[in-house]
Amino acid sequence: MGKIILVGATKGGVGKSVTSYNLAYSLASLGKKVLAVDFDSQANLTTCFGVENTAVMPVTIGHLMMAQMEDEKLPDPGEYIMSRNGVDFIPSSMVLSAVEAKLRLEMGAERMLAGILDPLRERYDFIIIDTCPALGALTINALAAADGVVITVNPQLLAMMGLQDFLKTIKKIKSRINPKLEVEGILLTMCEARTNLCKVISEQVTETFEGQIRIFDSKIPNTVKVGESVYYSEPLLEYAPGTKACKAYLDFGKELIAYEG
Ligand SMILES: Nc1ncnc2c1ncn2[C@@H]1O[C@H](COP(=O)(O)OP(=O)(O)OP(=O)(O)O)[C@@H](O)[C@H]1O
Ligand SMILES: [Mg+2]
């Protein structure tokens, strides 16, 4: 049965989408069957997978959420699961922002995404959800669907801010809606090798969460290769294999798998 992992943070621009994308390919290269789910109306992950115009997509995660909320039968997975170089994905579009507004008006609608993803577990080893940078109804739905959370932290961006709020929300979701939810760990992204900041923040995070949350040994370096690979809609494993960033994402995938025992 596949494990559902959410990549999240309450901050924007901390490498959630880039991590979801490259983690999916790392796990696939390690022999795992992976589905990546874009759960952000910005659709950055969908763009990473090379979809240029998300507005014309007939079935996106937003459409599935709408159908789920209306108790309609979902289309066949073949109609909405796309695939690129060995990784499957469910695209997103602006439709998801309408879902967010609707979710806020519905009662007990926290498990809509879980209802969509649970039947897909048997097809995959890992389902990776990329989320938006807010603690709104969408993120709550994603937390209700997930087994594990990877929290991305960018040392450049006042890393610790918002982290405690996010952890508090995770705790609440765990006790109220989704008892199996666990924090997998904190992944430091965009670590600048030339400055000491990554080391300092890493120590600060470790000190704060020692014994509670693990900090992944793999730290993602800050490199232009990432932006370039996104521009060309290629994962680092294709665009820049052998680079430090590529190796870091591969090691991160290994750490995540090893953690499963
Ligand atoms: N390791 C890295 N080195 C350099 N640039 C990076 C790295 N990781 C991500 N970026 C760049 O930083 C920007 C933000 O990354 P990304 O979109 O993954 O963040 P996000 O957390 O998903 O943002 P949002 O909150 O808007 O969804 C992008 O332009 C991306 O190309
Ligand atoms: Mg993103």
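In each ligand, atom 1 is the first atom listed, and ligand 1 is the first ligand listed. Just the heavy atoms: all of them, side chains too, but no hydrogens, waters or symmetry mates, feed the values below.
- An N or O contact shorter than 3.5 Å links Thr223 to ligand 1 by distance.
- Contacts of Asp40 with ligand 1, taken as heavy-atom pairs under 4.0 Å, involve the side chain alone.
- At least one N or O atom of Val14 sits closer than 3.5 Å to an N or O atom of ligand 1.
- Taking every heavy atom of Gly15 and a limit of under 4.0 angstrom, the matching atoms of ligand 1 come to 15 (O), 16 (P), 18 (O), 19 (O), 20 (P), 21 (O).
- When heavy-atom distances to ligand 1 are checked against a 4.0 Å cut-off, Gln42 comes that close only through its side chain, counted from C-beta outward.
- Among Lys244, Lys11, Lys16, the residue whose heavy atom sits closest to atom 25 (O) of ligand 1 is Lys16.
- At least one protein heavy atom sits closer than 4.0 Å to atom 4 (C) of ligand 1.
- With sequence neighbours left out, Glu79 forms a side-chain hydrogen bond (donor to acceptor under 3.5 Å, both in side chains) with no residue at all.
- Of the polar atoms of Gly13, at least one N or O is found under 3.5 Å from an N or O of ligand 1, judged by distance alone.
- Near Pro221, meaning under 4.0 Å from one of its heavy atoms, ligand 1 places the atoms 1 (N), 2 (C), 3 (N).
- Atom CG in Asp88 sits 12.5 Å away from atom CD1 in Ile128 (nearest 0.5 Å).
- Ring centroid separation for the pair Phe49 and Tyr21 comes in under the 6.0 Å cut-off.
- Heavy-atom contacts of Pro133 reach the following atoms of ligand 1: 25 (O) (cutoff under 4.0 Å).
- At a 4.0 Å cut-off, not a single heavy atom of Ala9 sits close enough to ligand 1 to count as contact.
- Counting protein heavy atoms under 4.0 angstrom from atom 13 (C) of ligand 1 gives zero.
- Counting only protein atoms, the N, O or S atoms lying less than 2.8 Å from the Mg ion (ligand 2) are Ser17 OG, ordered by chain and residue number.
- Residue contact check for ligand 1: Thr189 places no non-hydrogen atom closer than 4.0 Å to it.
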